[in-house]
Visitor: 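I have a structure I would like to understand better, so I am pasting it below and will then ask my questions one at a time.
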Amino acid sequence: MAIQENSYQMMAKKVVKEHQKQKWFQLQLLLKRKAACLSLIILVLTVLAAVFAPWVAPYPEQGQGVLNIENRLQPPSSASLLGTDIYGRDMLSRVIYGARISLFGSACIVFFAALIGVPLGLWAGYNEGISGAVISRVVELFLSFPSTLSAIAISIIVGVGWPTAIIALIIPWWPWYTRLVQGEALSIKRMLYIEAAQMLGYGKIYIIFRHILPNVMTPVIVMILLDLGPAIIAIGLLSFLGLGTQPPMADWGLMVWEGAPNILSEWWISIVPGGAMFMVVIAFNIFGDALKDILGSNR
Amino acid sequence: MNKPLIKLEQINTWFPDNKPVFGKPTSWIKAVNDVSLNIIEGECLGLVGESGCGKSTMGRTILRLAPLYSGKIKFMGDDISKSDDKGLKPYRAKMQMVFQDPKASLNPKMTIFKILSEATALNLRVAKENYLEQAVKLLDLVDLRPEHIYRYPHEFSGGQQQRICVARALATDPKFIVFDEATSALDVSVQAQVINLMKDLQNKLDLTYLFISHDLSIMEHVCSRVAVMYAGQIIEVQDSGSLFDTPRHPYTKALKNAVPIADPESGKELGILKGEVPKLSDPPSGCHFHPRCDYKENICVEKSPKVRKTGKNSQVKCHFHEELWKRGVLRYT
Ligand SMILES: Nc1ncnc2c1ncn2[C@@H]1O[C@H](COP(=O)(O)OP(=O)(O)OP(=O)(O)O)[C@@H](O)[C@H]1O
Ligand SMILES: [Mg+2]
């Protein structure tokens, strides 16, 4: 008997070693895809540029909005690689500083939307009783209004500025997560492994977070990645309407609108932030899709 | 041995058929209807019956996973029919279940180690730092390679997945396990392996089984005693050796005589009986089997037969069982 117990211990040790070797496998799969890899690089570089803007931007003070009127509307040159805007500010610096609000804002919106929406969806999916029904009705109510219109209305009521714009966007955004998760939770709830956990005497909260949540994480993560792009655009829209980011600060969306009147002659003013936005949105999309494939194959 | 491990006293499991907004439902699906039965320590009790007659529900009721409408369940002498989740905690480890679909009974996002640890947590004799060792031991017990402990369920074949489910059931150190058609989703060759494993484990670990199945031939091979269920009621119990040779209830005979046809969709062997399967929400009056019975009399339509003992561990629920026995019409020749 003693000998057998010992051999179980040795086997256990061997098993742990094997496992550590396999851990990198999924990451490798992701890195093997060229497009996903390129997207990841673009996203990482953009985030780094935004975080270290004061060191990366060639003219940090212009990036923050200080005017430079004598150099207005300069086309791209060696002095300012991406040209200057109507107030003569260096476009490259502006775009790098704009990334701060655009990226941080969209991350905030999506993060908090998921943080509110996912637990509510889990609860509503697992409890089909009154509390679940109430959550469903509230979600339906929110989704019956166009999200953008409600965000505009909330923004007007709460006040202007980019922090309030973010809040105004979170409020109509979270119900999408609730709806996604509720449907998934409802079908997972009927799986036998939930009954097996109940059979072991585990409670509601444990089952929701240990069994149901991991099984809805894949669609949630994919939705988060795919939502980051639209969130950048949504902040830009509010800013354009004067409700979001206030000049002289700018996010990418606002910069596109600022350049719009001169689009035919001084095209770079719109194209530079628009291009940045396009690139990042596409990168999030490609990365999200790749992740969906890889995580999905685990099912 | 020979003591009852589980005593069921007139248990009922009813599901609401319609859900009014206020008040009680007016119609019920009586999936388990007034069942009294003892499960004896160390035995393998078979439970057989047509699809939808309430076999799974009965298994789940004993484990208190399905809502008990009325009646008493005694486990090792303790009445667990009134206990809430907290009161059931000490009994959860002692009673486990293995389901028909092994793939659906394993969380796809959990490694085998996690799945087994979750169950081992109920076994108070194993300390937390020994979970890995215990998991390795459990896999060894069900003839799986311990190297695969960090794999996910989808990396295993159906037979292996079912072994993992058996290992999970064993992790809590149970006394009683319900196998709910645990082998019917598997290939025939794999089926035999899993069944042999079950029998070995029963001997090795002194387990008591409730074995639910469609397949009469497996039943005769595995079980020591068989209970026959019809429309939510147990209509006959006998030793497996004698049940199908000398049945005492007309339904048991019909079940044996029914031509088994292979159902290509589920791979199950289904016996086809003449007549309609009764609706559980509105079963026939009197003896539920009377519309399909060759020997019915007026009393069968009017009165529900009492359960009568025919031996130490056998019972039958038929008005005319003595007469039919004397006439010998049910004997299988
Ligand atoms: N949770 C539930 N809610 C409502 N009705 C249920 C529930 N569980 C089972 N039933 C009903 O109870 C009846 C018996 O079902 P059960 O699964 O116990 O039958 P079974 O004998 O195991 O059938 P099978 O051989 O097909 O597995 C069915 O009519 C089913 O619809
Ligand atoms: Mg069943």
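A, B, ... follow the sequence lines: proteins, then strands. Residue 1 opens every chain.
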Visitor: Is the NZ atom of A/Lys189 crowded by more than 12 outside heavy atoms at less than 6.0 Å?
Guide: yes
Visitor: Taking atom NZ as the centre, does B/Lys7 end up with more than 12 heavy-atom neighbours from other residues, nucleotides or ligands that are less than 6.0 angstrom away?
Guide: no
Visitor: Testing the basics here: between B/Ser105 and A/Ala196, what is the closest heavy-atom pair and its distance to 0.1 Å?
Guide: O-CB, 4.4 Å
Visitor: Would you mind checking if B/Glu118 and A/Arg210 are paired as a salt bridge, meaning a charged N to carboxylate O distance below 4.0 Å?
Guide: no
Visitor: Atom CD in A/Gln198, atom CZ in B/Arg64: separation rounded to 0.5 Å?
Guide: 13.0 Å
Visitor: Checking heavy atoms, do the side chain of B/Asn107, its backbone, both or neither come under 4.5 Å from chain A?
Guide: both
Visitor: To the nearest 0.5 Å, what is the distance between CG (A/Leu200) and CD (B/Gln96)?
Guide: 5.0 Å
Visitor: Would you indicate whether the side-chain heavy atoms of B/Arg60 and A/Glu195 approach each other to under 4.5 Å?
Guide: yes
Visitor: Is it true that, when you exclude A/Ile130 itself, more than 12 heavy atoms of the residues, nucleotides or ligands shown sit nearer than 6.0 Å to its CD1?
Guide: no
Visitor: Identify which of B/Met110, B/His148, B/Lys114 forms the greatest number of heavy-atom pairs closer than 4.5 Å to chain A.
Guide: B/Met110
Visitor: A quick test of your reading: do over 12 heavy atoms of other residues, nucleotides or ligands sit less than 6.0 Å from CG of B/Asp78?
Guide: yes
Visitor: Is it the case that over 12 heavy atoms from other parts of the model lie below 6.0 angstrom from the CZ atom of A/Phe104?
Guide: no
Visitor: What residue in B/Asn130, B/Leu63, B/Leu106 has the most heavy-atom pairs under 4.5 Å with chain A?
Guide: B/Leu106
Visitor: Does atom OH (A/Tyr206) have a neighbourhood of more than 12 heavy atoms from anything else shown, all under 6.0 Å?
Guide: yes
Visitor: Restricting to non-hydrogen atoms, name the atom on A/Asn215 and the atom on B/Pro108 that form the minimum distance, rounded to 0.1 Å.
Guide: OD1-CG, 3.3 Å
Visitor: Within the supplied structure, the quantity of interest is the number of heavy atoms (other residues, nucleotides, ligands) at a distance under 6.0 Å from A/Arg179 CZ; does it exceed 12?
Guide: no
Visitor: Can you name the closest pair of heavy atoms from A/Tyr202 and B/Leu122 and give their distance?
Guide: OH-CD1, 4.3 Å
